[in-house]
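For clarity, every value in this text was computed on a predicted model and none was experimentally measured.
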Amino acid sequence: QVQLVESGGGLVQPGGSLRLSCTASGFTFRLYTMSWYRQAPGKERELVAVISRDDVSTVYEDSMKGRFTISRDNDKSTVYLQMNSLKPEDTAVYYCKADRSATGRIYWGQGTQVTVSS
């Protein structure tokens, strides 16, 4: 059974930090490109960051460059999102996504809530 389980969300003050984790099971994690997305209330889901299968390349949405860092540990089947200098506009449900272009398979996690508020 394929599972992506996010954790690490919560309430944080502006300027604070959080580290999200997404642990995968049921598929060969190292073969999948991993991404973080987020969806704020009333808005469409948007891409946050992407990391390649081999951990060589990363891509970030412009507003998150320099504040967020995506990383992965293929031995632990886990992808991380380190979020620093958080702003109220970062408040959203954060989702991880696994995709493998060779097969067209895509998997999503259930999401974890991040709330940035004083």
Side-chain angles (χ1 to χ4, degrees):
Q1 180 181 359
V2 171
Q3 279 193 310
L4 288 172
V5 180
E6 298 100 333
S7 61
L11 174 64
V12 62
Q13 292 187 344
S17 298
L18 281 176
R19 188 194 195 204
L20 306 183
S21 300
C22 171
T23 300
S25 60
F27 63 97
T28 307
F29 180 80
R30 61 179 173 81
L31 297 181
Y32 284 71
T33 298
M34 297 301 297
S35 307
W36 286 96
Y37 284 72
R38 69 185 186 184
Q39 187 166 19
K43 296 187 176 181
E44 293 187 354
R45 192 171 296 189
E46 64 173 347
L47 177 67
V48 173
V50 185
I51 187 165
S52 61
R53 297 177 300 169
D54 54 9
D55 198 10
V56 169
S57 62
T58 57
V59 176
Y60 297 90
E61 199 277 336
D62 285 347
S63 68
M64 296 141 203
K65 287 180 181 177
R67 299 191 300 124
F68 291 6
T69 302
I70 189 171
S71 61
R72 68 190 292 163
D73 185 335
N74 284 345
D75 291 334
K76 295 182 178 179
S77 297
T78 300
V79 61
Y80 305 97
L81 185 68
Q82 177 68 43
M83 305 186 294
N84 299 327
S85 302
L86 283 162
K87 307 173 182 179
E89 50 264 42
D90 294 318
T91 295
V93 178
Y94 284 71
Y95 300 88
C96 68
K97 173 189 166 187
D99 71 86
R100 187 180 177 198
S101 57
T103 62
R105 292 187 177 177
I106 297 174
Y107 306 120
W108 287 93
Q110 82 291 348
T112 185
Q113 176 70 48
V114 171
T115 302
V116 184
S117 175
S118 56

Applying side-chain contact (heavy atoms from CB on, under 4.5 Å) to Ser71 and not counting sequence neighbours gives Tyr80

So which pairs with a foot in residues 37-70 pass disulfide (SG to SG under 2.5 Å), sequence neighbours left out?
none

Donor + acceptor pair across side chains of Thr78, Thr23 (<3.5 Å)
yes

Within this structure, what is the OG-CG distance for the pair Ser77 and Leu4, rounded to the nearest 0.5 Å?
10.0 Å

Do side-chain atoms of Thr69 reach the backbone of Gln82 as a donor and acceptor pair under 3.5 angstrom?
no

By side-chain contact (heavy atoms from CB on, under 4.5 Å), which residues pair with Asp75, not counting sequence neighbours?
Asp73

Which residue pairs pass the salt bridge (Lys or Arg N to Asp or Glu O under 4.0 Å) test when at least one of the two sits in residues 99-118, sequence neighbours left out?
none

Is the shortest heavy-atom distance from the side chain of Thr103 to the side chain of Leu31 under 4.5 Å?
no

Pairwise distance CE(Met83) to CH2(Trp36) - rounded to 0.5 angstrom
8.0 Å

Members sharing Val93's hydrophobic cluster (side chains within less than 4.5 Å):
Tyr37, Leu47, Val50, Val59, Tyr95, Ile106, Trp108

So, for Thr33 and Arg53, which heavy atoms are closest and what is the spacing to 0.1 Å?
N-CG, 3.6 Å

With a sphere of 6.0 Å drawn around CD of Glu44, does it hold more than 12 non-hydrogen atoms of other residues, nucleotides or ligands?
no

Please collect all disulfide (SG to SG under 2.5 Å) contacts where either partner lies in residues 67-118, sequence neighbours excluded, each pair once.
Cys22-Cys96

Quick one: closest heavy-atom pair of Ala98 and Met34, and the distance?
CB-SD, 3.4 Å

Pairs satisfying disulfide (SG to SG under 2.5 Å), at least one member in residues 33-89, at least two apart:
none

List in chain and number order the residues that pass side-chain contact (heavy atoms from CB on, under 4.5 Å) with Ser57, two or more places apart in sequence or in another chain; answer none if no residue qualifies.
Ser52

Atom pair CD/OH of Gln113 and Tyr94 - distance to nearest 0.5 Å:
9.5 Å

Shortest non-hydrogen contact from Ala92 toward Ala40:
CB-N, 3.8 Å

Salt bridge (Lys or Arg N to Asp or Glu O under 4.0 Å): which pairs involve residues 25-42, sequence neighbours left out?
Arg38-Glu46, Arg38-Asp90

Listed partners of Tyr32 passing ring pair (Phe, Tyr, Trp, His ring centres under 6.0 Å), at least two apart:
Phe27, Tyr107

Looking only at atom types and distance, does a side-chain atom of Thr115 sit under 3.5 Å from a main-chain N or O of Thr91, one as donor and one as acceptor?
no

Can you sort out the partners of Lys76 under salt bridge (Lys or Arg N to Asp or Glu O under 4.0 Å), two or more places apart, ordered by chain and number?
none

Pairs satisfying side chain to side chain donor-acceptor pair (under 3.5 Å), at least one member in residues 2-17, at least two apart
Glu6-Gln110, Ser17-Asn84

Please find the pair of heavy atoms, one from Ser118 and one from Pro14, that lie closest to each other, and give the distance.
N-CD, 3.7 Å

Looking only at atom types and distance, does a side-chain atom of Tyr60 sit under 3.5 Å from a main-chain N or O of Ile70, one as donor and one as acceptor?
yes

